[in-house]
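Shown next, in structure tokens, is the structure this report addresses.
Every value quoted in this text rests on a predicted model; they were computed, and no experiment measured them. Per chain, numbering begins at 1; letters A, B, ... match sequence-line order.
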2 protein chains.
Amino acid sequence: MSTPAKRNTWQREAVREALGHNDGFVSAQALHAVLREGGSPIGLATVYRALADLATADEADSLQSPDGENLFRACTSSGHHHHLICRSCGLTVEIEAHAVEAWAQDVAAEHGFTAAQHVVDVFGLCAACTKLAAH
Amino acid sequence: MSTPAKRNTWQREAVREALGHNDGFVSAQALHAVLREGGSPIGLATVYRALADLATADEADSLQSPDGENLFRACTSSGHHHHLICRSCGLTVEIEAHAVEAWAQDVAAEHGFTAAQHVVDVFGLCAACTKLAAH
DNA sequence: ACTCATATTGACAATCATTATCAATAAGCC
DNA sequence: GGCTTATTGATAATGATTGTCAATATGAGT
């Protein structure tokens, strides 16, 4: 009872693989669409569940887009890192933020805060999308 | 037409004042509830519109809670700034982050990104809540 | 103060992402 | 091969937010 006994299903694998094949962050809806187009008759609810599981197991990173959508991305490096995300095409670049890490700790300590966590993500338009938007 | 001619209504003032009376972040729904309890027969849609306007006019700050809700807060300093939020009691401190601003711009530019925006918020336990949680 | 053009309101419908429901299915163990 | 039960998936439900549009109230003009 303490161990709920996880089972391995092709659906879970399909989601894991689809995530791995994608470079940027994807919404659950989009991933579901991709899987359906790829032939898998997987259910939407199942995609949500699989993604939630992956996120819990630290196999995927999740963040909220400015639109309030939940986006997911395969996360190989278990280390702490941040992202630079194209808000148009979803291209994602992992970025280091040593300075920001330190800054966050300092600011928190300065105000007597402990157990500081931080949310640091940069959204923008990547070079390609900038060109398209400019025309 | 270029200047849509804004009008002043008691509803807009009510929202502005209700926001000012609140120390932490509030959801549009919650603010609406407070106003109704206070006697104002203001409509929900109007609260949303007023908050959106205030946010656009930089009179209010908005951020997304981890639940995907949009939270708003009266914004004393009109400039761009970030927040240090106690995840236990909701206490919020406005913080400046010149270093982070610059860093975000640099990182974005480095990778060819334009129109960079960033999400930077620090969550932690304030001094008071740390004491409570300590022993 | 009175009128008028229109910005604004508000009740409700519509959307959209996400979660819950629950009977049917299939994974892992014997 | 059976059995137990975790898991699936179609659909309903939820909950926040936005759109709709007739009715109203604001601010400028007279």
Side-chain atoms of Arg36(A) come closest, of dA11(C), dA26(C), dA10(D), to dA10(D)
Length of the line joining [X]:[atom1] and [N]:[atom2], which is rounded to integer Å:
X: Arg7(A); N: dC3(D); atom1: CZ; atom2: C1'; answer: 10 Å
X: Leu51(A); N: dT19(C); atom1: CG; atom2: P; answer: 10 Å
X: Lys6(B); N: dT9(C); atom1: NZ; atom2: P; answer: 10 Å
X: Gln11(A); N: dA26(C); atom1: CD; atom2: C1'; answer: 9 Å
X: Asp67(A); N: dT18(C); atom1: CG; atom2: P; answer: 11 Å
X: Ile42(B); N: dT24(D); atom1: CD1; atom2: C1'; answer: 15 Å
X: Leu35(A); N: dT8(D); atom1: CG; atom2: P; answer: 13 Å
X: Trp10(A); N: dT25(C); atom1: CH2; atom2: P; answer: 15 Å

Does [X] put a side-chain nitrogen or oxygen below 4.0 Å from OP1 or OP2 of [N]?
X: Asn8(A); N: dG28(C); value: yes
X: Arg12(B); N: dT8(C); value: yes
X: Thr9(B); N: dA7(C); value: no
X: Tyr48(B); N: dT18(D); value: no
X: Thr46(B); N: dT9(C); value: no
X: Asn70(A); N: dT18(C); value: yes

Has the side chain of [X] got a donor or acceptor atom that lies under 3.5 Å from a matching backbone atom of [Y]?
X: Thr56(A); Y: Ala52(A); value: yes
X: Arg73(A); Y: Ser62(A); value: no
X: His32(A); Y: Ile42(A); value: yes
X: Ser27(B); Y: Leu71(B); value: no

The residue, Phe72(A) or Ala45(B), whose nearest nucleotide of DNA chain C is more 5′ is Ala45(B)
How about His82(A) and His118(A): are their ring centroids closer than 6.0 Å? yes
Kindly say whether, by distance alone, the side chain of Arg49(B) makes a donor-acceptor pair under 3.5 Å with the base of dG19(D)? no
Mapping Val47(A) and Leu71(B) onto DNA chain D by nearest heavy atom, which one lands closer to the 5' end? Val47(A)
Considering every strand and a 4.0 Å limit on heavy-atom distances, what is the contact class for Glu69(B): base, sugar-phosphate, or nothing? sugar-phosphate
